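To keep things clear, I will list the structure first and then write my remarks on it.
Just so we're clear, the structure is a prediction, and the values are computed from it rather than from any experiment. The chains referred to below are lettered A, B, ... by the order of the sequence lines, with proteins before strands, and numbering in each begins at 1.
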Number of protein chains: 2
Amino acid sequence: MPEPIPAPGEPKARRRAGRPMAAVLDQDGITAAALELISKKGYDGLTMAALARSLGVAPSALYNHVSSKDEVLKLVEEDLMSKVDFGGFSTLPWEEAVRQWAYSYRGIFARHTPLISVIAVLPVTDAPQTLAMYEAVTEGFLRAGFPEKQIIPSIVALEAYIFGAAFDANAPADIFDSGRLADSTPHFTSAVRSLGPERNNYPSDLAFSMGLDALITGLGALRTQPN
Amino acid sequence: MPEPIPAPGEPKARRRAGRPMAAVLDQDGITAAALELISKKGYDGLTMAALARSLGVAPSALYNHVSSKDEVLKLVEEDLMSKVDFGGFSTLPWEEAVRQWAYSYRGIFARHTPLISVIAVLPVTDAPQTLAMYEAVTEGFLRAGFPEKQIIPSIVALEAYIFGAAFDANAPADIFDSGRLADSTPHFTSAVRSLGPERNNYPSDLAFSMGLDALITGLGALRTQPN
DNA sequence: GAGATAAATGAACGTCATTCATTTATTGGT
DNA sequence: ACCAATAAATGAATGACGTTCATTTATCTC
């Protein structure tokens, strides 16, 4: 019995120094623990110490499996990308496929905005899930009749919109409250008020839908063959 | 002579403890120093210690004028907002005014992406420059014949796109290099290659232009009165 | 003039990511 | 089957960084 079963009364059985018989850590486990930590404590709670703690390990042990906290973020990003629903591109009309994809994409990253600054600049090389998504989306655009040269720019434009909208989705309801300066911004203040009976009704979802429709219509016009 | 002229040979004349006769700091000076620091060393170089150093002051002195580093970021943001060119809304046709505004907005924040996470969620209350911009843009939309209720969502959608595109503008040229996984993503890889003779030609500007045109066309269709 | 307040210094704190020496277990080559 | 190299853990240490606090000095207000 080299593996003493952790007695319920004594969860504190500390590992002694040295390599354990069975590896405790790997990248998948680190990724899963990071995701759970983020969902429970947010990105402020994601520290190397907290991550190590949740894995029952000393912080320095993490560095045998990842080179930095940034790499942890990259692992999380890849995992999230695999959850984006791009299935519509093989079954639905292009417009609906884009809409489904965009909503799924925004929904996921709205709760992970701190990753966006990382993703937007992260080379796609060695990011298999991200590449799989791009491949499926590209295929959908081809099938819909887009000229090859228009596809990447169109995807980039859509992604930019999705990322921006993900930030938006976290804005507080009173973000457009002009407060003491309402008098000097009459048109804006009135436009904000026109949105609903309750003041400060932030239109994040409405805006997302409107802009997405505009993009779909505008980009869709680039197709050379119908459907 | 209460103010000893700093002798050129001795720039190190340290201030002794206690309130100086003339105040050394104020919010405007802090903002300007922060902007210069950012432009020289980037956002990683913007630390309270470095900021204090560039102002010839102890770090703790900053806290007599700002309550936190986050407030410094808010001050910088307001300053940048005042540089966004929204002048077209009072002189140009709506489409061109939006284009000019969007390009200016993106151009400025592309070099300040770390602020975007702050801005996107920051209430507009007590942000006069930001409010001034919104007021001018709202007026432009009204003049162009937009129904009042559509204006804020349209602006929000455009801003989301602009912020996302600002991130994009910082992506490395090889961001779409599929590397060893090129074989498993043939359509995507081909679409990327179709963009130019040199591999990995990142189409940030082209994409921005395409998406912006689509948004302008799509949102413009919401107008009820022409021009 | 005296007390309150404002604006600076300098020391100190707590947190965080990261590194290093050390210990122990496994793996690969001869 | 040994032995060197490597892998995976601990624990101590480091250096940044944001922030707080006691203290000092100057100005403002009653």
Side-chain angles (χ1 to χ4, degrees), chain A residues 1-4 6 11-31 33-34 37-38 41-76 114-115 117-118, chain B residues 1-4 6 11-31 33-34 37-38 41-76 114-115 117-118:
Chain A
M1 284 169 204
E3 185 80 33
K12 302 232 157 204
R14 262 187 217 85
R15 213 178 346 263
R16 73 178 188 282
R19 177 177 182 159
M21 303 186 193
V24 180
L25 297 178
D26 59 29
Q27 289 202 339
D28 284 353
I30 291 173
T31 307
L37 197 50
I38 289 162
K41 313 269 183 173
Y43 276 85
D44 285 350
L46 179 65
T47 67
M48 295 302 270
L51 186 53
R53 196 173 185 291
S54 80
L55 288 159
V57 131
S60 53
L62 295 169
Y63 290 86
N64 288 320
H65 301 269
V66 293
S67 65
S68 65
K69 183 177 180 179
D70 242 60
E71 191 173 348
V72 174
L73 294 180
K74 287 177 197 170
L75 291 171
V76 170
L115 286 183
S117 9
V118 179
Chain B
M1 285 172 203
E3 185 79 33
K12 303 232 155 205
R14 263 188 216 83
R15 212 182 345 266
R16 73 179 187 284
R19 177 178 183 158
M21 303 185 192
V24 180
L25 296 179
D26 58 28
Q27 288 201 340
D28 284 354
I30 290 173
T31 306
L37 197 50
I38 289 162
K41 314 268 183 173
Y43 275 85
D44 285 349
L46 180 65
T47 68
M48 295 302 270
L51 186 54
R53 198 175 184 288
S54 80
L55 287 159
V57 130
S60 54
L62 295 169
Y63 290 86
N64 287 320
H65 302 268
V66 293
S67 64
S68 65
K69 181 178 180 179
D70 242 60
E71 191 173 349
V72 175
L73 293 179
K74 286 178 197 170
L75 291 171
V76 170
L115 286 183
S117 11
V118 179

Quiz item: In residues 56-66 of chain B, what residues come within less than 4.0 Å of DNA chain D, judged by heavy atoms?
Solution: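 Heavy-atom contacts with DNA chain D come from Ser60(B), Tyr63(B).
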Self-check item: Heavy-atom pair with the smallest gap, counting every atom of Ala49(A) and Pro59(A)
Solution: CA-CG, 4.2 Å
Quiz item: Closest heavy-atom contact between Gly45(B) and Ala50(B)?
Solution: O-CB, 3.5 Å
To the nearest angstrom, how far is [X] atom [atom1] from [N] atom [atom2]?
| X | N | atom1 | atom2 | answer |
| --- | --- | --- | --- | --- |
| Met21(B) | dA7(C) | CE | C1' | 13 Å |
| Glu71(B) | dT19(D) | CD | P | 11 Å |
| Arg15(A) | dT24(C) | CZ | P | 15 Å |
| Leu25(B) | dT25(D) | CG | P | 19 Å |
| Arg53(A) | dT10(D) | CZ | P | 14 Å |
| Lys69(B) | dT20(D) | NZ | C1' | 18 Å |
| Leu73(A) | dT18(C) | CG | P | 10 Å |
| Met48(A) | dG15(D) | CE | P | 20 Å |

Quiz item: Which residues satisfy the side chain to side chain contact (heavy atoms under 4.5 Å, CB included) test with Ala34(A), sequence neighbours excluded?
Solution: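 Once residues adjacent in sequence are excluded, the partners of Ala34(A) under the side chain to side chain contact (heavy atoms under 4.5 Å, CB included) criterion are Leu46(A), Leu51(A), Val72(A), Val76(A).
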Quiz item: Taking Arg15(A) for the side chain and Ala58(A) for the main chain, is one N or O donor matched with an acceptor at less than 3.5 Å?
Solution: no
Quiz item: If you check the Ser68(B) side chain, which of dT19(D), dA9(D), dA8(C) turns out closest?
Solution: dT19(D)
Self-check item: Qualifying side-chain hydrogen bond (donor to acceptor under 3.5 Å, both in side chains) pairs with a residue from residues 54-69 of chain B, counting only residues at least two apart or across chains
Solution: Ser67(B)-Glu71(B)
Quiz prompt | Leu55(A) and Val24(A), any side-chain heavy atoms less than 4.5 Å apart | solution =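 SC-SC contact between Val24(A) and Leu55(A) ruled out.
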